[in-house]
Amino acid sequence: MENDIQKILFSEQTILARLDEIGWQISKDYEGKELSVIAIMNGSIMFMSDLLKRVRIPLQIDCWSISSYHGSKSSGNINFRQHDIKDVTNRHVLLLDDILDSGLTLYTIKNKILNETKALSVKSCVLLSKEVKRVKPIEAEYIGFNIENQFVVGYGLDYNEHYRNLPYVGILKQ
Ligand code: IMP
Ligand code: MG
């Protein structure tokens, strides 16, 4: 598995140090508010676990199973594999995803929540944000790291379901 990695972009130590900062920021911003975190599976599994340990306010967690990517090119549509949404009425929603790329995933989910629930607000938090032209008009309020337009794996990110369990984010060899 490690032999397929061309270069490590963010080590586990670097990621966790950044999550200390974001966790602190989220704790501060949502202090005294009812917070519901919705994590997009499977990509945000590591991110969710490490980040939420660093958030020091009460919150609810929901995991949504969604798929949009096949191989290293987006399929352009979102499959909601789960339809049972935890009630977020009068709550502030924070979406967690591994990476913001075209924006299609977060845009679709954000609109679904805005249209179908009585959430008070919907914001997004991503580990990585690709510096590309978004297909949909959405940006994340909390970003771990900005990266160039390249395909990365590890720390939850996959290539055809492989490499999610690497402890770091790296660039895959061609
Ligand atoms: P978007 O809908 O194009 O913003 O893409 C979001 C989803 O595509 C993410 O949740 C990832 O699962 C996947 N994705 C985008 N870029 C990468 C990448 O570089 N490596 C692995 N998965 C990616
Ligand atoms: Mg994926």
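As the structure lists them, so they are numbered: ligands from 1, and atoms in each ligand from 1. Computed from a predicted model, the values in this text were never measured in an experiment.
Taking every non-hydrogen atom of Leu104 and a distance limit under 4.0 Å, the qualifying atoms of ligand 1 come out as 2 (O), 4 (O). If you number the atoms of ligand 1 from 1 as listed, the ones under 4.0 Å from a heavy atom of Gln150 come out as 19 (O). Remark: ligand 1 atoms within the under-4.0 Å shell around heavy atoms of Val152 are 18 (C), 19 (O), 20 (N), 21 (C). Close approach of ligand 1 to Asp97 (heavy-atom distance below 4.0 Å) involves ligand atoms 10 (O). Heavy-atom contacts of Lys130 reach the following atoms of ligand 1: 16 (N), 17 (C), 18 (C), 19 (O) (cutoff under 4.0 Å). Close contacts of ligand 1 with Ser102, meaning ligand atoms under 4.0 Å from a residue heavy atom, involve 1 (P), 2 (O), 3 (O), 4 (O).
Applying the salt bridge (Lys or Arg N to Asp or Glu O under 4.0 Å) rule to pairs touching residues 138-147 yields Arg134-Glu139, sequence neighbours excluded. Within the structure, salt bridge (Lys or Arg N to Asp or Glu O under 4.0 Å) contacts touching residues 25-39 (residues at least two apart or in different chains) are Glu34-Arg91.
When non-hydrogen atoms are compared, ligand 1 lies under 4.0 Å from the side chain of Leu157 (C-beta onward) but not from its backbone. For Ile40, no heavy-atom contact with ligand 1 is shorter than 4.0 Å.
Residues Leu94 and Tyr142 form a side-chain contact, since some pair of their non-hydrogen atoms from C-beta on lies under 4.5 Å apart.
Distance check: Gln60 CD to Ser36 OG gives 4.5 Å after rounding to the nearest 0.5 Å.
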Would Tyr155 and Asn165 count as a side-chain hydrogen bond (donor to acceptor under 3.5 Å, both in side chains) if you check the C-alpha gap in whole Å, the side-chain angles of each, and the deciding distance to 0.1 Å?
CA-CA 6 Å; Tyr155 198 74; Asn165 56 325; over 6 Å; no
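Taking the charged nitrogens against the carboxylate oxygens, Asp4 and Lys173 have no contact shorter than 4.0 Å, which rules out a salt bridge.
Ile99 pairs with exactly one of Leu106, Leu127, Ile147 by the side-chain contact (heavy atoms from CB on, under 4.5 Å) rule, that one being Ile147.
Residue contacts with ligand 1 include Gly103, since one of its heavy atoms falls under 4.0 Å from the ligand.
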